[in-house]
Amino acid sequence: MSFTAVIGLQWGDEGKGKIVDYLGEKHDVVVRFQGGANAGHTVSVGGREFIFHMIPSGLLRPQVTGAIAAGVAIDPDILIKEMEEVGKLSAPLEGRFWIDGRAQLVLPYHKAEDRWEEELMGGIGTTKKGIGPAYRDRYYRIGLRAVDLLSPRNLEERLRQSLDFNNQVLGARYGKPPFDFKEIHEDLREFGDRIAPFIRDVSVFLLEENRKGKHILLEGAQGSFLDINFGTYPFVTSSHTISGGASVGAGVPPRAIERIIGVTKAYTTRVGKGPFPTELKGPEGEHLREKGGEYGATTGRPRRCGWLDLVALRFSVWINGASELAITKLDSLAGTKVVKVARSYSLGGKELLYPPLDLSDWYGVQVNYVEFKGWGEISSVRRREDLPPEAKEYLDFIEDSLKIPITYISVGKEREQIIAS
Ligand code: GDP
Ligand code: IMO
Ligand code: MG
């Protein structure tokens, strides 16, 4: 028995939530392994929409067990709110949801710093959920972990150390008054009481479930080009979003992850600042934004839109070891007369099949496109062979270029609007 990972191949918002919810039918356990409430994973069932930020998207299915693994940065307020909502919408979470004691906590001063840096100093366009500062504290070894909530002494000691550091930094850089220990401490004690029954070693839990032959899905957040190492640095998030992140984030050996489903939109979007070679800045981009409803699930910000980029995808298919593709929002391109795809970039007289290393080159490349004839409405199609020939040609070209099969084609936001092969 092996694990399956669902990974975003672009700059996030590929439709991972929809694919995870769909796959949830045939999986027993769904695990978030990195990121935090910067994620916004939308699931639409029977005309009702739910946006997951903290807990795994699979939990809308009452038979699914969910887990937040060691690599996640937990936002206490959002977690509690979401646990209550999902508990009511599907089935109570007691006994079917676990939190790894190693997961880091995002604290009020992390969120404040993220906000202040963005608002006062002009940042990179983060979601302002405190992700960067929380992971910074993890690497600086002054972070608080979920397990610290179980020991009053540890909680007090670790919070004092972390707060002392953060108050000094925030005071010096932003001239803000210090955060009060007592208030944060009380809130954390209350939060600890609430989540104590859910805390355990998720890595060992996954080992046991795996031994029982359970089907386990690892749910990625963000996208490959937001990866802290392999993304368009510094316009990236602060975790490893690629499939390797699933191993270190969930506590699962790399070779146990056999199936890696790379999710891509049929075009490209990005929120926040940073390079985007195939971006459409004029009316074509606006058309895609309106047609695809491209507004951020976490922040409501309009998403930047552009054509599908095979140069970027070639790299993310490789770096993730994607064994198959799930392509979403093919329906959102319906009605577009000419659909373009980036085949390669040109830089300094050279053709590039993979993205450049240097950020200024990302901005400087010229894009070489292939054009396809558009197609009409496809949202009720349920078999690949019933798609219009133009859409089939588009998909065949993507498969041929990336040399992996497309196994899921999503043609609408609802759970059943999908072609599975
Ligand atoms: P995620 O972060 O990767 O889970 O993606 P988001 O939920 O942030 O954004 C994807 C958006 O597209 C959501 O509003 C989904 O409801 C919607 N969506 C997903 N798949 C499809 C599709 O095939 N067609 C259409 N029209 N919408 C889709
Ligand atoms: P899902 O899981 C799209 C982007 C932000 C910003 C950069 C850093 O829904 O695909 P951060 O708050 O993480 O420090 O912001 O990363 N970003 C996302 N963009 N989808 C996401 O998540 C994102 N999470 C972060 O817009 O550019
Ligand atoms: Mg999203």
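In each ligand, atom 1 is the first atom listed, and ligand 1 is the first ligand listed. We number each residue from 1, following the sequence as shown.
Residue-ligand proximity: Gly412 is placed with a non-hydrogen atom under 4.0 Å from ligand 1. A heavy-atom separation below 4.0 Å is found between His41 and ligand 2. A heavy-atom separation below 4.0 Å is found between Ser332 and ligand 1.
Atom 9 (O) of ligand 1 has Arg303 NH2, 3.5 Å as its closest protein atom, hydrogens excluded (heavy atom only). Nearest non-hydrogen protein atom to atom 20 (N) of ligand 1 is Ser410 OG, 3.6 Å. Among all protein heavy atoms, the one lying closest to atom 27 (N) of ligand 1 is Lys329 CE, 3.3 Å. Of all protein heavy atoms, the one lying nearest to atom 25 (C) of ligand 2 is Gln222 CG, 3.7 Å. Closest to atom 19 (C) of ligand 1, if we only count protein heavy atoms, is Lys18 CB, 4.0 Å. Scanning the protein for heavy atoms near atom 7 (O) of ligand 1, the closest one is Thr42 OG1, 2.5 Å. From the protein, the heavy atom lying nearest to atom 7 (C) of ligand 2 is Val236 O, 3.9 Å. What sits closest to atom 5 (C) of ligand 2 on the protein, heavy atoms only, is Gly125 O, 3.5 Å. When only non-hydrogen protein atoms are considered, atom 10 (C) of ligand 1 lies nearest to Asp13 O, 3.8 Å. The closest protein non-hydrogen atom to atom 6 (P) of ligand 1 is Gly40 O, 3.5 Å. Nearest to atom 26 (N) of ligand 1 among the protein's heavy atoms is Asp331 OD2, 2.8 Å. Protein heavy atom nearest atom 12 (O) of ligand 2, with residue, atom name and distance: Thr127 OG1, 2.5 Å. Of the protein's non-hydrogen atoms, Thr237 OG1, 2.6 Å is the one closest to atom 13 (O) of ligand 2.
Of all atoms in ligand 2, numbered sequentially from 1 with element shown, those under 4.0 Å from a heavy atom of Gly40 are 1 (P), 9 (O). Near Arg301, meaning under 4.0 Å from any of its heavy atoms, are these atoms of ligand 2: 5 (C), 26 (O). In summary, the atoms of ligand 2 found under 4.0 Å from a heavy atom of Ala221, numbered by their order in the structure, are 2 (O). Near Ala297, with a cut-off below 4.0 Å to any heavy atom, the atoms of ligand 1 are 8 (O). Residue-ligand proximity, His41 to ligand 1, at heavy-atom distances under 4.0 Å covers atoms 1 (P), 2 (O), 4 (O), 7 (O). Atom numbering of ligand 2 starts at 1 in the shown order; those under 4.0 Å from a heavy atom of Trp11 are 3 (C), 19 (N). For ligand 2, the atoms sitting less than 4.0 Å from at least one non-hydrogen atom of Gly272 are 27 (O), numbered in the order shown with element in parentheses. Less than 4.0 angstrom separates some heavy atom of Ala39 from each of these atoms of ligand 2: 1 (P), 2 (O), 9 (O), 22 (O).
In summary, Glu294 and Lys329 engage in a salt bridge, as defined by a charged side-chain N under 4.0 Å from a carboxylate O. We find that Lys18 and Asp21 are not joined by a salt bridge, their nearest charged nitrogen and carboxylate oxygen being 4.0 Å or further apart. A salt bridge between Glu324 and Arg259 is present, with a side-chain N of the basic residue lying under 4.0 Å from a carboxylate O of the acidic one. The pair Lys373-Glu393 fails the salt-bridge criterion, with no side-chain N (NZ, NE, NH1 or NH2) lying under 4.0 Å from an Asp/Glu carboxylate O. In this structure, Glu14 does not pair ionically with Lys265, as no charged nitrogen and carboxylate oxygen lie closer than 4.0 Å. Of the charged side-chain nitrogens involved, none lies within less than 4.0 Å of a carboxylate oxygen, so that Lys88 and Glu84 do not count as a salt-bridged pair. A salt bridge links Arg384 with Asp396: the distance from a Lys NZ or Arg NE/NH1/NH2 to an Asp or Glu carboxylate oxygen falls below 4.0 Å. By the 4.0 Å N-to-carboxylate-O rule, Lys129 lies too far from Asp114 to be salt-bridged with it. By the 4.0 Å N-to-carboxylate-O rule, Glu49 lies close enough to Lys413 to be salt-bridged with it.
Checking side-chain atoms of Tyr267 against main-chain N and O of Val341 turns up no donor-acceptor pair under 3.5 Å. Counting only distance, with no hydrogens or angles, the side chain of Thr126 and the backbone of Lys128 share a donor-acceptor pair below 3.5 Å. A donor-acceptor pair under 3.5 Å links the side-chain atoms of Asp227 to the main chain of Asn229, judged by distance alone.
Taking the centre and axis of the six-membered ring of Phe235, the NZ or CZ atom of Lys273 falls outside the cone set by 45° and 6.0 Å. A cation-pi arrangement is found for Arg160 relative to Phe181, the charged atom lying closer than 6.0 Å to the ring centre and inside a 45° cone about the ring normal.
Comparing Asp13, Thr126, Val271, Asp114 by heavy-atom distance to atom 14 (O) of ligand 2, the nearest is Thr126.
Considering backbone and side-chain N/O of Glu49, none are found under 3.5 Å from N/O of ligand 1. At under 3.5 Å, a nitrogen or oxygen of Lys16, whether backbone or side chain, sits near a nitrogen or oxygen of ligand 1. In terms of N/O distances under 3.5 Å, ligand 1 is approached by Gly17. Checked by distance only, ligand 1 and Leu330 stay at 3.5 Å or farther apart across all their nitrogen or oxygen atoms. For ligand 2, the polar-atom distance check against Lys16 finds a nitrogen or oxygen pair separated by under 3.5 Å.
Judged purely by distance below 3.5 Å, without hydrogens or angles, the side chains of Gln63 and Glu25 never pair a donor atom with an acceptor atom. Looking at Thr232 and Arg270, their side chains do bring a donor and an acceptor atom within 3.5 Å of each other.
Counting heavy atoms under 4.0 Å from ligand 2, residue Leu226 touches it through the side chain alone. If you look at Val411 next to ligand 1, the close heavy atoms, those under 4.0 Å, all belong to the backbone.
Using a cut-off of 2.8 Å, one finds that Gly40 contributes an N/O/S atom close to the Mg ion (ligand 3).
Ring centroids of Trp116 and Tyr174 are separated by less than 6.0 Å, placing the two rings close together.
Summarising the local packing, CD of Glu385 is surrounded by more than 12 heavy atoms from other residues, nucleotides or ligands at distances under 6.0 Å.
Minimum-distance N/O/S atom of Asp13 relative to the Mg ion (ligand 3): OD1.
Here the side chains of Asn320 and Ser224 are in contact, with some heavy-atom distance below 4.5 Å.
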